[in-house]
Number of protein chains: 8
Amino acid sequence: GFARVDLDRARRTGDPEVVYGAGKTPEQVVAILRTLHERHPDRAVLATRLSEEAMAYVASALPEAEVHAVARSATLGPLPEPRGTVAVLSAGTSDAPVAAEAALSVRVHGAGVDLVQDVGVAGLHRLLAVRDRLEDADCLIVVAGMEGALPSVVGGLTGVPLVAVPTSVGYGASFGGLSALLGMLNSCAPGVTVVNIDNGYGAGVFAARVARAAGPRR
Amino acid sequence: GFARVDLDRARRTGDPEVVYGAGKTPEQVVAILRTLHERHPDRAVLATRLSEEAMAYVASALPEAEVHAVARSATLGPLPEPRGTVAVLSAGTSDAPVAAEAALSVRVHGAGVDLVQDVGVAGLHRLLAVRDRLEDADCLIVVAGMEGALPSVVGGLTGVPLVAVPTSVGYGASFGGLSALLGMLNSCAPGVTVVNIDNGYGAGVFAARVARAAGPRR
Amino acid sequence: GFARVDLDRARRTGDPEVVYGAGKTPEQVVAILRTLHERHPDRAVLATRLSEEAMAYVASALPEAEVHAVARSATLGPLPEPRGTVAVLSAGTSDAPVAAEAALSVRVHGAGVDLVQDVGVAGLHRLLAVRDRLEDADCLIVVAGMEGALPSVVGGLTGVPLVAVPTSVGYGASFGGLSALLGMLNSCAPGVTVVNIDNGYGAGVFAARVARAAGPRR
Amino acid sequence: GFARVDLDRARRTGDPEVVYGAGKTPEQVVAILRTLHERHPDRAVLATRLSEEAMAYVASALPEAEVHAVARSATLGPLPEPRGTVAVLSAGTSDAPVAAEAALSVRVHGAGVDLVQDVGVAGLHRLLAVRDRLEDADCLIVVAGMEGALPSVVGGLTGVPLVAVPTSVGYGASFGGLSALLGMLNSCAPGVTVVNIDNGYGAGVFAARVARAAGPRR
Amino acid sequence: GFARVDLDRARRTGDPEVVYGAGKTPEQVVAILRTLHERHPDRAVLATRLSEEAMAYVASALPEAEVHAVARSATLGPLPEPRGTVAVLSAGTSDAPVAAEAALSVRVHGAGVDLVQDVGVAGLHRLLAVRDRLEDADCLIVVAGMEGALPSVVGGLTGVPLVAVPTSVGYGASFGGLSALLGMLNSCAPGVTVVNIDNGYGAGVFAARVARAAGPRR
Amino acid sequence: GFARVDLDRARRTGDPEVVYGAGKTPEQVVAILRTLHERHPDRAVLATRLSEEAMAYVASALPEAEVHAVARSATLGPLPEPRGTVAVLSAGTSDAPVAAEAALSVRVHGAGVDLVQDVGVAGLHRLLAVRDRLEDADCLIVVAGMEGALPSVVGGLTGVPLVAVPTSVGYGASFGGLSALLGMLNSCAPGVTVVNIDNGYGAGVFAARVARAAGPRR
Amino acid sequence: GFARVDLDRARRTGDPEVVYGAGKTPEQVVAILRTLHERHPDRAVLATRLSEEAMAYVASALPEAEVHAVARSATLGPLPEPRGTVAVLSAGTSDAPVAAEAALSVRVHGAGVDLVQDVGVAGLHRLLAVRDRLEDADCLIVVAGMEGALPSVVGGLTGVPLVAVPTSVGYGASFGGLSALLGMLNSCAPGVTVVNIDNGYGAGVFAARVARAAGPRR
Amino acid sequence: GFARVDLDRARRTGDPEVVYGAGKTPEQVVAILRTLHERHPDRAVLATRLSEEAMAYVASALPEAEVHAVARSATLGPLPEPRGTVAVLSAGTSDAPVAAEAALSVRVHGAGVDLVQDVGVAGLHRLLAVRDRLEDADCLIVVAGMEGALPSVVGGLTGVPLVAVPTSVGYGASFGGLSALLGMLNSCAPGVTVVNIDNGYGAGVFAARVARAAGPRR
Ligand SMILES: Nc1ncnc2c1ncn2[C@@H]1O[C@H](COP(=O)(O)O)[C@@H](O)[C@H]1O
Ligand SMILES: Nc1ncnc2c1ncn2[C@@H]1O[C@H](COP(=O)(O)O)[C@@H](O)[C@H]1O
Ligand SMILES: Nc1ncnc2c1ncn2[C@@H]1O[C@H](COP(=O)(O)O)[C@@H](O)[C@H]1O
Ligand SMILES: Nc1ncnc2c1ncn2[C@@H]1O[C@H](COP(=O)(O)O)[C@@H](O)[C@H]1O
Ligand SMILES: [Mg+2]
Ligand SMILES: [Mg+2]
Ligand SMILES: [Mg+2]
Ligand SMILES: [Mg+2]
Ligand SMILES: [Mg+2]
Ligand SMILES: [Mg+2]
Ligand SMILES: [Mg+2]
Ligand SMILES: [Mg+2]
């Protein structure tokens, strides 16, 4: 066929391969989801970065699949029991799709999610009001566009491991998320790690692994 | 001579020309300071970005001049009476030279200064503890390197006009201050304006003009 | 709901939150405008960066709103009495939308506006002819694309505080406004501050604050 | 004094502030180390990015301090008992200083270290020979310069959480570590997170937190 | 006419000119293909980077032409007897069009092809399983997007000359293929050469020349 | 020898080869100057970008040579009679070395020079005062660093052909002359052409050719 | 109205203002063309960078105007008698629109044109065959995309003043014309000047001025 | 020890590991050269990018080693019999060190060298005069800085496989070799491949492999 799916990945890494939907036809997405589901019938497999067409085709061709519209993703098979908790914070309303992709990826990879949206640094009281939810998590995912300052502030408030996700939200000198990315890489708060622009998926996989190993929490 | 000094500038703009010391010999710096001082004997004239050699030569050739070591600058002539107040905030210890250049430029251009150092966002309580000093100012200068997040947080706490100064403090993907600059340009807080990397002088001129016009405060 | 609107902002900073329309559905724009208007019934609230669809939907769903087509913005509620004056200058015809967004933001945030269009440096007589209008202002906003040279020339003519707005007007090596942005950051005129590319809104908020505090003028 | 040390950080985040030695005088480094040690007498405090002069001065002024020459760092006070294990991998000989800074930061922040050097992808057998040491760790730090390919290969071999550290090793189009940084951000292996170029310290803090919460291992 | 086709190229370099379809009308593509075919009736001439419209128009206007849909290319005239072998490897499913363009270019320029798809480094066993096919080739073309790590791994496994082709597959900080390009240029494996992003054609010409001269192999 | 000097260049282009001193030993500079002088005994040959050492060695080894300290250049042989005039304008004092290299190159290549220094746009009256000297020239060279705005203003005042030279004068976001370069390339004044950063030599050759062909002026 | 047309430009610079069509409505283009034509009834006025819609509207609203489809431009009024000659060379077929804009701008600004297309450096004989046409010109415009090497080769063959125009033709690492632009700025041939990417207009104005002053040729 | 030398590389790839001298102490260089020499006593091993100190220390500590000053490299052991020929062309005098590193690497890796220096495109006759030496080679290495145009011209003259090496020779907008690199990647001549800036070593390894397989020539 057109793909050499890495069916051995779950054995090596604990997590099966995930379909990267960008640049694939709806038919290809459905075919790979089916192949992965056959290999892993008892746990959800995931497809991300789906076009409108791909989401529609998945819904009709795989009635048992679940389509997650905000996250532009689909799952096939039952979600695992959550172990440990990842808090997913986002700075603004426009960051919602990336936060949703991150949250879904956390769930598919075996941890629980606490979603906290629209707590950007320009209105600090919103963040300070949820401070205990930060402490209750085993890992944090912090999603922000524009100048990407939220991880620095969160990282100064708590020692919970923190993965920052820059988004392409912004205009002009945001250069498609580059400013947020650079801001997060240069964070003056210790212990902030970063993933690619808009990569909610990567942050989710990572954070789920950290939370699974840590939780139920010390 | 080697220079066509803009002796008419004070008439047009209210403020005399300032000596940009980079790339000038100590002799050139002293000569231009003298020319400017002759034209404006009753108010301080300023030279910035001085090398060690230039500072030493100014001190010996112009005994009546004042050398400001941290700001790498020198003044000649009496400082004006301050009108209005500019609060100069800096994020970290290493931002001190830029903050000092800003503060001195504010004073030379006729406003008063309140200097607040080392209040970076990774330890938010330090900033929250000085919140009333922000409100007491007519204009703010906020100096920060690395990710440059401090102006966003300050800009969310107060409506006092805010000029952000990115510094070249940092390493790796800070790219000589570019990350801080981009962060400030993309600030999600409204009403943040920005000057060039390490340009304490430009921020100081601007903020002094704003403070002079506003203070004594409403 | 989908958003955690910062309803406390006017208390902290003197100005209410503004709707950033990019990436929001027309329905979301209208809903947030309504929420903000309820909180601030006696002063105009603002939405910027609206799509054609959003402008049309605002016009039909909120008949009492005013849609500003050139500025791609809408206001809801009465504009405040102006205090102080901001002169908004633009270099070329194509900079009109950004200049309009700046002018409207100034008005919404409480200052008066004097709009001076198409006075680019390639025809200097056009600028010199309006020189007294510069001096009559409490703050200047200077909008320019391509090489962004206008703020340097204006900043050499007057000492009125000057906020420069680079625009994305141009092609080739203008790199979406980057050249104008860099030109303004490196201005050899003292006291020029800069905002993000095409950010008429940010310049307007800032300049209104400066003008309100200064005017009626000394 | 010259600094507003964040003495409250350990209470908020579990870990005390660390001295960032770049741009500080040897005297400043020693003074801050002393202040931090007084506050935290029973656990090691850390100073990183020290010049030759600063390392020498620390050694003479603080005889009880330990200077770590390869890591260009110093510690003062007893290292904590390790909990959990971080494996630190490096691609080439020239990456040693960054790997050493990472390893030391892990130890200071409370986890154990397994250091595996010079296992770059051009000689894959070297990495495959240590595969079980990867599996035995609770978190991985993978240090590489030039094209930064090592994290992608490691991330395909194991599901242990992986923090990648790009280094400035290379020349020409490596652009001071930018190529390695971009390579790691775009890794096709799931669950790779990244820190700033040469930021062994940040990776160490993060990985120690992950390992402490996970170990002794499932 | 509109073009000055280089009909002398085959005499100088051994290979005729090739039609670069981007920015040409379907009519222009067909006209140049005809001109080249008249000059070289006994060997295939090639057109690359064809739009859907151009492919359709070539198919109808030149029935004897062969349209290669995945490679977005067309050939006119008989393919030469292959001499030597080029192995074309690709990292992921989405790299298929570039790999197809490379493979077709190799054939048109006189060498044989062994196509090996979807052997990215995140699942190393897939590559190790085809190791003997690498050794059997006279030249390798290695196609990869995102971080572009595959050439480094292949280049460490074999001494067969290797041409790397970065692709624009990816998002965010892949910057349209820039990350893969930089990764390949900085490869720590010796003897890796690189062509432009998505330039399967250039890699194919080059590799065919190397393979023709070397094969039938030592 | 170490070089294959292009002794045929004067026949082809009218102007002999010039020694690019950067990266050459003093001995190499002297040897090539001698070779060129032997070929062209009756007209000056030129060496640019000389180090202090090279200038000193030229002075001692070639007593008949003239060393131009500000221009960091040397000439050997008699300067030609000037035909036509090039006006060389510079924006600031620090641009003097580049302006001097341009002026000397003009003279060596056969035109006359009118040097006008320190007429930057922040003090416009200085430029307006020399307006007739612009009109008297056959070609203009305009040298500026920082934002590089001077060519736009000059190009709006006159239709004399204008070559702009960006300089590396500036700091921070001037990025070694990049901002000035971009500004000049995007000039809104018609008919501005640009050369490389600090390339006074290239501007001088070009302008001399234009002036020679035009002057004595219409 | 919406524009402050610079009707004084011809008096100052010898050439009237030109309509920059990008971002203007067809109605605006026609209105400004009319205004300029009224001011300059006896010489052609020019509009560039017209959309399909603008070209169609000009053709219908201004029947006496001439629409130049390849150049995407329009003229209104009689072309001047040519004085001197500009040779316009282009490297490839895809550079035709930029070459056509340059050629038309030369004619509108008063010089004659010799157009030489498709003489790129990969087939050098094509260029060598037209060498005498280079020598017969008073100024050269050399248009090229991709690596932009043509000006270096031409500049080594002749001493006629040469203006290089980089085009956005290319893909991948051509970065929208940046590679060609950088190549031309770094040309090792002396006396090459450069304009913005795709700026045939600017090159045309400049070259016409040079040719007018020089021709009829020495 | 400090390094895990890849002693197995010759078995896998046919060529032993090479010492990358940058960032290594003289002692480390000598130690690794010794280790490699012991493993491969009958063929030369190579160290590149040596500092002055390292070259001096190699000369004294390993008297049987040969130090190649221009190439800043050293070899230990007998050079192999050459098979096939690589022609190494350079554009200018300043490219000599990179050309020398390339030539030496070719010899160490088993092919013969024909070195042709200073044949840049601004004086085309120099290149045309050596055209038959191009045809006699089995592979070409073309070294050039500044705009990097030489490979395009050579690639249009011959079909011999061509590896281009950009150098950091230049200033201003050459950006440390970036312009030459981009120029070569975008070459309009077919079949040009590229290595990292200043990477004579990589080009040499690659070209030697191609030449060894091809020569004695068809
Ligand atoms: N949204 C995403 N962002 C980055 N990587 C992804 C994403 N979704 C899937 N992947 C990775 O892409 C691989 C599949 O690539 P492919 O073979 O092209 O389908 C998966 O195994 C994941 O490692
Ligand atoms: N090597 C390092 N790299 C990045 N950040 C560091 C490093 N060492 C210390 N830091 C951070 O810098 C802060 C201290 O900055 P400062 O106030 O300038 O001394 C610490 O609290 C850490 O968060
Ligand atoms: N194609 C073009 N590229 C660059 N500048 C142009 C172009 N066409 C016209 N211009 C310039 O743009 C000015 C008009 O700009 P505007 O006022 O926006 O119409 C003219 O006077 C020219 O200097
Ligand atoms: N001048 C050079 N440029 C790029 N890579 C080199 C160079 N010299 C040696 N290498 C590579 O670097 C590897 C050795 O790196 P290291 O382990 O740091 O000594 C060698 O096996 C070569 O693949
Ligand atoms: Mg919000
Ligand atoms: Mg601090
Ligand atoms: Mg206009
Ligand atoms: Mg090694
Ligand atoms: Mg795959
Ligand atoms: Mg000056
Ligand atoms: Mg062609
Ligand atoms: Mg030479």
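So that the names make sense, note that chain A is the first sequence line, chain B the second, and so on, each numbered from 1.
With chain E as partner, the option from D:Ala173, D:Gly170, D:Gly120, D:Gly183 having the largest number of non-hydrogen pairs under 4.5 angstrom is D:Ala173.
Heavy atoms only, all atoms of each residue included: E:Ala122 and D:Ala189 are closest at CB-CA, 4.1 Å. Residues E:Val121 and D:Ser152 share a closest heavy-atom pair of CG2-CB, 3.8 Å. The two residues D:Phe175 and E:Leu182 make their nearest non-hydrogen contact at CE1-CD2, 4.0 Å. Nearest approach of D:Ser179 to E:Asn186, heavy atoms of both residues: OG-ND2, 3.0 Å. Here the closest heavy-atom approach between residue E:Met146 and residue D:Cys188 is recorded as SD-CB, 4.1 Å.
Under the 4.5 Å side-chain criterion, counting only non-hydrogen atoms from C-beta, D:Leu124 is in contact with E:Leu124.
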